[in-house]
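This is a predicted model, so every value here is computed, not measured.
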Amino acid sequence: MTPGRVPDPWGLTARISPRRVVRAASRDAAGQPVNCYPLLHPVSGAEPDTPWAVHLTDQKGRFRLLCADLDATTSHGEAHRDADRLSGLLTELRIAHVVCASGPTGGRHVWLALTDLIDPPMVAALARLLKAWLPTLDTAPLLNPKTGCVRPPGSPTDPAAPPRILTGSTRVLTTPQVRGSDIEALLARLAHQINTTAPPASQPGTASVTQPGITDGIPHLIGPQRPLPPITQQLLETGPSTDASAVLWRLLCSAALARWQFADVLEVLDRPGLEHARTLNTGSTRTARPATGPTSPRAVLLRQWTRAVHATTRPTNPHQTSRPTDPTFDARAETVTGLVQVVQSRADHTPGRWRGRRGHAHRRVLDALCLLHLRAVRTEVEADIRRLALTCGLDRETCRRALLDLADSGWIRRTRPSHGTRGAVWTIDPHGTIHSHISETLSQGNPRPPGTGSALRTVAIHDLADRLDSAAHDTFAGYGGLGVEAGSLYGRLAQPHSTLSVARLMCWDTTTAEAHLPPASPPPGSSFERAAAGHGTSTTHLDQLATVLGTAGHGARRAQLYTLERQLWAWWLAEITWMRSPRTTPHVPPSRASPPPAPPTFVAHPRKQRRADYRAARTALIAGRHTTGHLHGLTPPRQPDANPTRRAQHVAKSTPAPGRRCRCRRVHRATTPRNLAVQTLEPTGIDLTPARLESVPTPGGTPRSPTFRNGSQAHRPQTASPQTSWKVLRPKCPNLGSELA
């Protein structure tokens with residue numbers, strides 16, 4: 001049969017229906033058919049007087065038909081374009097199909113008739129990959145094997161625009177020709193397409209990079225140029241404090257990711273952050289590089305820039321690059337993705353659990369945990385409350401309470417508590433339903449094509465990341481902004497929603513849902529209407545709204561506060577580590593020809609009446625905030641004594657016998673003296689050198705200069721401001737060394 005109208009649509013339905021019944025549409029109070037199919041009608045009976053839909057599966061839930069339902073809710077051109085893309089791919093793979101018009105709205109249906117029965121998990125994977133490639137696809141019929149149904153070709157919807165066949169023939173449906181191997185080939189092609197190309201255009205801000213561009217023979221990442229992040233910009237302006245080469249590498253990688261070119265980097269060569277490209281390290285000082293040659297500033301900068309561009313370029317196929325080193329990555333990715341999909345489906349089907357601002361905050365935290373599971377490809381992830389807060393656009397106390405409530409409700413479980421600077425470990429599989437190890441000896445039924453697991457993981461990561469990024473914008477701040485509920489709804493507007501679906505999703509009544517949803521031609525109205533009307537285009541409209549509402553920069557200020565809190569906590573842990581560290585035995589004094597030890601960088605934590613002075617520590621960190629490294633895993637090397645001979649003589653005279661008490665009422669259980677060693681932080685730690693701390697005021701006390709942990713007077717600053725006051729940590733026991741005073 002040639003493309004056109006179907007002469008006998010009810011007879012065609014009876015021939016292709018996998019079941020003995022179809023679903024018929026109901027009527028409203030005015031007697032007009034509605035787009036809802038709750039009624040059952042036998043295929044052996046007379047033709048229904050309302051539109052009908054055919055099931056895609058048989059009584060056992062196995063698929064006999066496949067249909068890509070492309071809705072034209074937002075734009076007719078998008079549905080037509082997606083139908084042409086899918087039809088072209090099916091034609092390239094030599095898969096027989098039929099393309100039909102779907103009613104007066106301009107939608108499209110792409111039909112396939114199967115000779116082999118296909119299990120629901122494989123069809124679900126196919127639907128999710130198709131959704132990532134075709135934004136207008138409605139995945140509900142393919143993800144619901146029990147009641148999923150679609151109107152067959154010829155089912156009447158509107159007398160003025162009867163459905164018709166656009167491509168193919170009904171013979172393709174009455175005589176199935178598509179085998180299971182054809183579906184596997186289609187699945188493999190989609191997985192390869194997703195793993196090697198950028199996300200669809202409907203997901204702004206997530207463009208990926210496959211190969212670097214070349215301009216004047218110099219590589220760079222392709223895309224619109226954007227400014228450096230605030231932390232990197234601050235590092236560029238202040239310069240390095242420890243390792244200049246590490247700072248240069250960090251700046252170049254950040255500039256490459258910001259789509260800078262080499263000419264842009266040359267323009268900022270005179271900034272303090274690029275000190276390593278301008279000068280050479282000669283020990284205690286740095287000298288200028290020669291103007292020409294392989295060690296010139298331009299040559300060094302060009303070499304490091306080329307390395308940074310290639311280091312930040314995403315591989316063409318991440319799945320293929322990981323398979324030689326980790327052959328189980330694809331299976332683990334599919335397992336974790338399946339776990340996340342189960343959790344997300346359960347959460348979507350219980351909207352009452354997420355009612356109100358508190359419930360929506362809990363849902364964001366659950367989504368953030370799912371995102372961390374996908375990125376880590378593990379069933380347990382470490383998640384601290386500040387990291388979750390920045391991901392969700394909430395404050396850390398809200399995230400802390402949300403974690404506890406989700407654990408009490410059985411959604412998540414804490415497998416390991418927090419310790420030191422490490423956060424607690426959580427899992428979204430509290431009952432252990434997912435196996436920890438994947439057996440390769442058991443029969444897996446219908447195995448997926450290679451790359452399917454990583455492609456499904458990529459699609460799930462993009463969906464959750466886009467939803468959380470949109471909801472966490474400054475426009476939807478809790479204080480002064482549009483609120484948590486508006487942000488959660490905005491994050492869902494990447495897909496078209498009706499008033500009823502929004503009311504069910506947000507647990508609102510229809511009046512509230514209509515007030516929040518933007519109309520087809522939105523007049524000047526609420527801020528959320530203007531924000532939702534521009535969803536999916538850019539973030540410019542959100543930035544403008546945040547400026548109008550006075551919440552612009554809210555997330556950046558919160559990130560700076562949490563970074564400062566992490567550094568304060570890490571500094572105090574370093575102090576505790578030093579106080580609890582064992583003292584080493586004084587060694588033999590080095591020869592006079594030996595060079596003096598390097599000055600340490602770990603300064604005593606400020607004290608006030610022998611207690612930690614957190615206010616002074618906060619002031620010190622704010623004054624030297626140009627370094628933002630985290631102090632995780634402190635295992636610093638020991639520094640030798642500045643005067644070991646004097647130290648050994650003092651310990652020999654002042655150390656009491658074993659079992660006796662000294663004036664500090666401590667019992668010395670050993671006669672072996674202990675050395676007050678110096679703990680030096682890693683180069684990425686907090687910069688607490690005397691140059692940064694000698695002008696920091698400390699409340700109370702008398703003016704004193706900062707004292708380092710080895711007590712050496714040689715490392716004290718020569719000058720100190722009269723307003724400077726530091727509480728020096730003195731030993732409680734005089735037998736542990738009086739030279740610290």
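Leu89 has its side chain within reach of Trp133: a pair of non-hydrogen atoms, C-beta onward, lies under 4.5 Å apart. By the 4.5 Å heavy-atom criterion applied to side chains, Leu86 and Val99 are not counted as neighbours. Contact annotation: the side chain of Asp463 never approaches that of Arg467 to less than 4.5 Å [non-hydrogen atoms, C-beta and beyond]. Residues Trp111 and Val150 form a side-chain contact, since some pair of their non-hydrogen atoms from C-beta on lies under 4.5 Å apart. Side-chain contact check for Leu142 versus Leu66: some heavy-atom pair is nearer than 4.5 Å. Phe63 places none of its side-chain heavy atoms less than 4.5 Å from the side chain of Leu112. No side-chain heavy atom of Glu380 sits under 4.5 Å from any side-chain heavy atom of His373. At a threshold of 4.5 Å between non-hydrogen side-chain atoms, the residues Val484 and Phe476 do not count as touching.
Taking the ring-ring contact (aromatic ring centres under 6.0 Å, His included) definition, one finds that Trp508 meets it with His516, sequence neighbours left out. Taking the salt bridge (Lys or Arg N to Asp or Glu O under 4.0 Å) definition, one finds that Glu334 meets it with Arg448, sequence neighbours left out. With sequence neighbours excluded, the residues satisfying side chain to side chain donor-acceptor pair (under 3.5 Å) with Arg363 are Gln344, Asp348, Asp367. For Thr427, there are no side chain to side chain donor-acceptor pair (under 3.5 Å) partners at least two apart in sequence or on another chain. Applying the side chain to side chain donor-acceptor pair (under 3.5 Å) rule to Ser87 yields the partners His97; only residues at least two apart in sequence or on another chain are considered. For Arg401, the salt bridge (Lys or Arg N to Asp or Glu O under 4.0 Å) partners are Glu397, not counting sequence neighbours. Evaluation of the side chain to side chain donor-acceptor pair (under 3.5 Å) rule for Asp138 yields no partner, not counting sequence neighbours. For Ala188, the side-chain contact (heavy atoms from CB on, under 4.5 Å) partners two or more places apart in sequence, or in a different chain, are Pro449. Annotation: salt bridge (Lys or Arg N to Asp or Glu O under 4.0 Å) contacts of Asp384 (sequence neighbours excluded): Arg566. Evaluation of the salt bridge (Lys or Arg N to Asp or Glu O under 4.0 Å) rule for Glu92 yields Arg189 as partners, not counting sequence neighbours. With sequence neighbours excluded, the residues that form a side-chain contact (heavy atoms from CB on, under 4.5 Å) with Glu382 are Arg416, Arg422, Val425.
With hydrogens and angles disregarded, no donor-acceptor distance shorter than 3.5 Å links the side chain of Thr232 to the backbone of Leu228. Between the side chain of Arg413 and the backbone N or O of Pro430 there is at least one donor-acceptor pair closer than 3.5 Å.
Between Gln261 atom CD and His220 atom NE2 the span is 4.0 Å, to the nearest 0.5 Å. One distance of note links CG of Leu126 with CG of Leu187; it measures 6.0 Å at 0.5 Å rounding. Leu251 contributes atom CG, which lies 9.0 Å from atom CH2 of Trp260 (distance to the nearest 0.5 angstrom). Here CZ of Arg457 is found 10.5 Å from CG of Asp330. Values are rounded to the nearest 0.5 Å. Put simply, CG on Leu137 and CZ on Arg128 are 12.0 Å apart, with the number rounded to the nearest 0.5 Å. Taken from CG in Asn144 to OG1 in Thr139, the straight-line distance is 10.5 Å, to the nearest 0.5 Å.
For the pair Pro120 and Gly61, the tightest heavy-atom approach, listed with the atom from each and the gap, is CG-O, 3.2 Å. When all heavy atoms of Val377 and Val336 are compared, the pair lying nearest together is C-CG2, 3.8 Å. Taking every heavy atom of both residues into account, Trp305 and Pro219 meet most closely at NE1-O, 3.0 Å. Across all non-hydrogen atoms, the minimal contact from Ala347 to Leu366 is CB-CD2, 4.3 Å. Smallest separation of non-hydrogen atoms from Thr337 and Ala460: CG2-CB, 4.2 Å. Between Asp474 and Ala552, the closest heavy-atom pair is OD2-C, 3.9 Å.
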Item to complete: Would you sort out whether Arg353 and Ser409 count as a side chain to side chain contact (heavy atoms under 4.5 Å, CB included), showing the intermediate values?
Response: CA-CA 10 Å; Arg353 171 62 177 82; Ser409 302; 3.5 Å; yes

Practice prompt. Test Ser454 against Asn195 for side chain to side chain donor-acceptor pair (under 3.5 Å), laying out the working first.
Written response: CA-CA 8 Å; Ser454 59; Asn195 286 330; 3.3 Å; yes

Practice prompt. Might you work through the side chain to side chain contact (heavy atoms under 4.5 Å, CB included) test for Thr379 and Thr335, ending with a clear yes or no?
Written response: CA-CA 9 Å; Thr379 56; Thr335 301; 5.6 Å; no

Practice prompt. List the steps, then state whether side chain to side chain donor-acceptor pair (under 3.5 Å) holds for Arg364 with His360.
Written response: CA-CA 6 Å; Arg364 285 198 203 177; His360 287 290; over 6 Å; no

Practice prompt. Check step by step if side chain to side chain donor-acceptor pair (under 3.5 Å) holds for Asp543 and His473.
Written response: CA-CA 8 Å; Asp543 298 337; His473 196 271; 2.9 Å; yes

Worksheet item: Step by step, would you call Asp82 with Thr136 a side chain to side chain donor-acceptor pair (under 3.5 Å)?
Response: CA-CA 7 Å; Asp82 289 347; Thr136 60; 2.6 Å; yes

Practice prompt. Determine, stepwise, if the pair Arg396 / Arg558 fulfils side chain to side chain contact (heavy atoms under 4.5 Å, CB included).
Written response: CA-CA 10 Å; Arg396 56 179 175 82; Arg558 178 178 287 167; over 6 Å; no

Worksheet item: Run the side chain to side chain contact (heavy atoms under 4.5 Å, CB included) check on Leu394 and Val365 step by step: do they pass?
Response: CA-CA 9 Å; Leu394 306 170; Val365 172; 4.3 Å; yes

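Summarising the local packing, CZ of Arg378 is surrounded by 12 or fewer heavy atoms from other residues, nucleotides or ligands at distances under 6.0 Å. Annotation for Arg226: atom CZ counts as buried by contact number, over 12 foreign heavy atoms lying within 6.0 Å.
Between Arg108 and Asp69, none of the side-chain N atoms (NZ, or NE/NH1/NH2) sits under 4.0 Å from a carboxylate O, so this pair counts as no salt bridge.
The stretch residues 385-394 participates, sequence neighbours left out, in these side chain to side chain donor-acceptor pair (under 3.5 Å) pairs: Arg386-Glu565.
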